Protein chains: 4
Amino acid sequence: MRADAARNRARVLQVAREQLAMGDDSLMLNTIARLAGVGVGTVYRHFPNRHALLEALMAERFQQLVDEARAAAAGAEEDAPASLRRLLRFTLGRMLDDAGFAAVLESAGGADAQTSALRADLDGALAELLDRARRAGAIRYGIEADDVRRLLCGIGHAVRSGGDDAAHAETYLDVLLEGLRPPR
Amino acid sequence: MRADAARNRARVLQVAREQLAMGDDSLMLNTIARLAGVGVGTVYRHFPNRHALLEALMAERFQQLVDEARAAAAGAEEDAPASLRRLLRFTLGRMLDDAGFAAVLESAGGADAQTSALRADLDGALAELLDRARRAGAIRYGIEADDVRRLLCGIGHAVRSGGDDAAHAETYLDVLLEGLRPPR
Amino acid sequence: MRADAARNRARVLQVAREQLAMGDDSLMLNTIARLAGVGVGTVYRHFPNRHALLEALMAERFQQLVDEARAAAAGAEEDAPASLRRLLRFTLGRMLDDAGFAAVLESAGGADAQTSALRADLDGALAELLDRARRAGAIRYGIEADDVRRLLCGIGHAVRSGGDDAAHAETYLDVLLEGLRPPR
Amino acid sequence: MRADAARNRARVLQVAREQLAMGDDSLMLNTIARLAGVGVGTVYRHFPNRHALLEALMAERFQQLVDEARAAAAGAEEDAPASLRRLLRFTLGRMLDDAGFAAVLESAGGADAQTSALRADLDGALAELLDRARRAGAIRYGIEADDVRRLLCGIGHAVRSGGDDAAHAETYLDVLLEGLRPPR
DNA sequence: TATGAATGAGAATTCATTCAT
DNA sequence: AATGAATGAATTCTCATTCAT
């Protein structure tokens, strides 16, 4: 890819990310083009439609999350419950930073191949971590990776739904983790 | 209000509710008018803009919830934790039935006077119930009515975010209630 | 239909007709709206897309032609070859006045129901007239209504294809009619 | 011209011809470039704008026709009416094969110098042939080369305007030639 | 009061042409 | 000479809101 093309693509993604972060999920391609300082056509060349742009946005961030999850799952000797908490905290932080990221993570199974693959990867790593945490008594039976992901997205919503972003993040995360433990 | 005017208003609200329930949150007033069998102008007479319609929609459902919450809070002799669980289960059920209702409940503080008042009412009743549940050892310190409402909305998202609506509702609600208990 | 709606519809059709007559077959709905002094939305309300506008344009003129053809076919006592010539001359005149009309008449069978019906009507009347003209020795075997319509459209093209519109119409029409006679 | 440049030019012309033959007269240069396996810039190097491409396309085919016409005109000893028929049949065949060719042949006098010159050449040869055919009693007075060209284009339209391309070509051509004879 | 036609700003998208590589 | 990314004016179409009937 040409240097300027790459630069433009990056700018567009950056602007789109910022728009989402500002809570504007309309992703108007004309607006994005203007903000990015490129022509509309350039945006359309890189991303034939709004969905493709969202996809690209997702993939990037999602991959990073998958990497984190794998690292956590691979840390075999470590304290699994603590690893899980760290991973969920990391993920929650990302969701709060980036509304688009949250949207992707939450989007139902009907996503594109790439996103579905990423989700499968994530759930795989998470399942491993969960199993180890369950053996350590920190996770109840009947809760799988899919549930944890969904519940964490819910926690993300709860945190965001006050103006006081992030002030409650730690508390709510703790509520989730306590709730996931086997009932007394 | 003339009888036919009242009837038209009710029809519009009904159609709007159905649209929201079907997951179409665009609330196009022309469409609603058509579906309701009235002219656009009629919709605008009753609801000067889209927001006013949403407001009206909210108020109705929200009031019912407030009534439930007050009844639960007033049941002084009863088992407070059980009352709380019932109330949250009722609320969650509503949220799953009616996406619009969920949206209202979740909407941030920047709502209109009427909605804000309803929320205050809800939180008042919920706070009372929480206090009693806390005295019964079922709720940790540092969790207030606002938190419970937000977390419950999050649970609603988690439940909805699978195709398997409601299949996980009870489990996720249990995770929430366990998580709200004082840490061991 | 409301008075102003009818007026607007007529204006739009009128402008569209003029545009076509000027040889601009792009039929840009925004342009038409501006020229007609109405909003774009008004055009779209009456004609959801360009094709619908063309259709409407066609129908009106086409119906008049069908009426003429029927009258000619019904004039049982008259000189059939002369009637045919008059009808073809009338049709050719229309085609030269109105490029849109010519386009409709020529458009292949893949047209809409309404247009197809009109064409069938036309061909019916024309077939009747042709049979009578054939009995009078003015039409060769093997030439049907469909052929005459197609050939006449071709003559229309030939006339138009010089800057000298209409100067050759009568001659070319005569060439057609002579050519349609049984070979010597 | 470099060998590769010549090859590219030929490819572009070939693809453009195919597009026209497929009935797509939009001649989108980006599309043509892609189909030809060259960059857009290359197309623009050879043909500064769309019109230039059309011109080039025309010229090539048109020249071949002129050659045919001259050969027919030069065949002094032959049966002129038969030569004329052969020439018109050849031309009609070309028009049916290649919609772009038909468009060129038909294009009004306002064409470019090169095309105008070709048309003049064609009309010159055709006029000669017509004169000889007229002397043989096969062409009426008042019909000139220009008329024959225009009428033939019209016949082309008539043939094409059914789905049954070419099935009627011979009949319609015969209608034309009979029609061109002096009236009885 | 009800109606629904009219309005027009604005969003999505295309494509001829230019120009950096 | 070739490439193809970039450009942005132009076009199609939507929809919230107003207003004549």
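Keep in mind that this is a model prediction, so the values were computed, not measured. Letters A, B, ... mirror the listed sequences (proteins, then strands); counts begin at 1.
Nearest-nucleotide positions on DNA chain E place B:D4 closer to the 5' end than the other of C:T42 and B:D4.
Separating the CG atom of A:L53 from the C1' atom of E:dA12 is a distance of 14 Å, rounded to the nearest angstrom. When the C1' atom of F:dG8 is taken as reference, atom CG of A:L35 falls 16 Å away, rounded to whole Å. Whole-Å rounding puts the A:H51 NE2 to E:dT13 C1' distance at 18 Å.
Under the side chain to side chain donor-acceptor pair (under 3.5 Å) criterion, D:N30 pairs with no residue, sequence neighbours left out. Legend: residues meeting side chain to side chain donor-acceptor pair (under 3.5 Å) with D:N49, ordered by chain and number and at least two apart, are absent. Not a single ring pair (Phe, Tyr, Trp, His ring centres under 6.0 Å) links D:H46 to another residue, sequence neighbours left out. With sequence neighbours left out, the side chain to side chain contact (heavy atoms under 4.5 Å, CB included) criterion links B:T31 to B:Q19, B:M28, B:R34, B:L35. Every residue two or more places apart in sequence or in another chain was checked for a side chain to side chain donor-acceptor pair (under 3.5 Å) with B:R11, and none qualifies. Listed by chain and residue number, D:R17, D:E18 satisfy the side chain to side chain donor-acceptor pair (under 3.5 Å) test with D:Q14 (two or more places apart in sequence, or in another chain). Contacts of C:F47 classified as side chain to side chain contact (heavy atoms under 4.5 Å, CB included), with partners at least two apart in sequence or in another chain: C:R9, C:V12, C:L13, C:A52, C:L53, C:A56.
Considering only side-chain N and O atoms, A:N8 lies nowhere under 4.0 angstrom from the phosphate OP1 or OP2 of F:dA5. The phosphate of F:dA1 (OP1 or OP2) has no side-chain N or O of D:H46 nearer than 4.0 angstrom.
Rounded to the nearest 0.5 angstrom, A:H157 NE2 and B:E106 CD are separated by 6.0 Å.
Stem regions annotated for DNA chain F: E:2-21 with F:2-21, counting only runs of 3 or more consecutive pairs of Watson-Crick or G-U type with both contacts under 3.5 Å.
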Please write out each protein N/O paired with an N/O of nucleotides 15-19 of chain F under 3.5 Å, distance rounded to 0.1 Å.
residue: F:dA16; atom: N7; partner: B:N30; partner atom: ND2; Å: 3.1
residue: F:dT17; atom: OP2; partner: B:Y44; partner atom: OH; Å: 3.4

